[in-house]
Amino acid sequence: MTKTLREETVRHQPSQEKEKVTFSLLGLPHISEIRSLQEKVKEKLQQKELLQALTDEELTFVLGEGGMVLGVYAEEELIAFRAMMYPEADDPENLGKDLDLDTTKVAHQEISCVDPDYQGNGLQKKMGETIMQEFSEARPDLVHVLCTVHPGNEASLRDKFHHGLVIADLKEKYEGKLRYIMYLPMQEKLQIAAEEIVSVPVKDIEHQKELLNENYVGYDYADGKVLYGKRNN
């Protein structure tokens, strides 16, 4: 029996009925459920490029020793999941390489999926809070948390900012797809100079790249713009 980490009451959007859901960590026996939900969510997206789905190989890796996957169940049905990956140090996709970090101490925030029937309940944020708590206790040795976000994915950007990640780079990843590289140091708090704040439209790629090259980081989002501040540390 999988240990319940959290319980919440959510609204099933089609019926508008309230349901109790439980949060628990998943393992390899859950791979088919995860795969099915991932496909369902991607199928409903108008911009399918916003979702960087995990391959079967990656799912097997994170469900084993290579990561952590949190699932949310409404009775017996998986309605949401969120994954973290602990990439190998020599993995070419290890994002620590992009920021010149120690690649042996890197964890990736990976995909979050919520069944469309249960969206609007804040499940992505709640899963993020729960999985980061479990991760920090299980792997204190992994002090660099990184992820990539499509610049057009407002929901994901807001989610990552909520959990303390900042934009540290903007470059082409995944065969030429433009992505923010976002970073959360687990052992220090980034200091941002309040007097050097710049608001930049998400679509202004060149200005953002210039600021990132000048030791700025993106730390918040509002009205289609990212707020950048200069790092003090």
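Residue pairs that meet the salt bridge (Lys or Arg N to Asp or Glu O under 4.0 Å) test with at least one member in residues 114-141, sequence neighbours left out, are R6-E129, E8-K126, K40-D115, R139-D141.
Atom NZ of K225 has 12 or fewer neighbouring heavy atoms from other residues, nucleotides or ligands inside a 6.0 Å radius. No more than 12 heavy atoms of other residues, nucleotides or ligands sit less than 6.0 Å from atom CD of Q187. More than 12 heavy-atom neighbours from other residues, nucleotides or ligands sit within 6.0 angstrom of CD on E188. The environment of D56 atom CG is dense: over 12 non-hydrogen atoms of other residues, nucleotides or ligands sit within 6.0 angstrom. Counting heavy atoms of neighbouring residues, nucleotides and ligands inside a 6.0 Å radius, atom NZ of K20 does not exceed 12 of them.
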>> Would R82 and D159 count as a salt bridge (Lys or Arg N to Asp or Glu O under 4.0 Å) here? Give the steps.
In response: CA-CA 12 Å; R82 186 163 182 149; D159 172 74; 2.8 Å; yes

>> Walk me through whether Y73 and E33 qualify under side chain to side chain donor-acceptor pair (under 3.5 Å).
In response: CA-CA 11 Å; Y73 279 88; E33 295 172 87; 3.0 Å; yes

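Under the 4.5 Å side-chain heavy-atom criterion for Ile, Leu, Val, Met, Phe, Trp and Tyr, I181 and L184 are members of distinct hydrophobic clusters. Linking ILVMFWY residues whenever their side-chain heavy atoms come closer than 4.5 Å, directly or via other members, leaves L70 and I34 in distinct clusters. Cluster annotation: V62 and V114 are assigned to distinct hydrophobic clusters (Ile/Leu/Val/Met/Phe/Trp/Tyr, side-chain heavy-atom contacts under 4.5 Å, transitive). Both L178 and Y228 sit in one connected hydrophobic cluster of ILVMFWY residues. Membership requires side-chain heavy atoms under 4.5 Å apart, directly or through other members.
Every residue meeting the ring-ring contact (aromatic ring centres under 6.0 Å, His included) condition with Y183, not counting sequence neighbours, appears here in chain and number order: H144. Applying the ring-ring contact (aromatic ring centres under 6.0 Å, His included) criterion to F61, with sequence neighbours excluded, gives no partner residue.
Nearest approach of P87 to N94, heavy atoms of both residues: CG-ND2, 3.7 Å.
Checking each of L212, V217, L211 against I167 for a side-chain contact (heavy atoms from CB on, under 4.5 Å) leaves exactly one that passes, namely L212.
You'll find the side chain of F23 stays beyond 4.5 Å of the side chain of I131, heavy atoms only.
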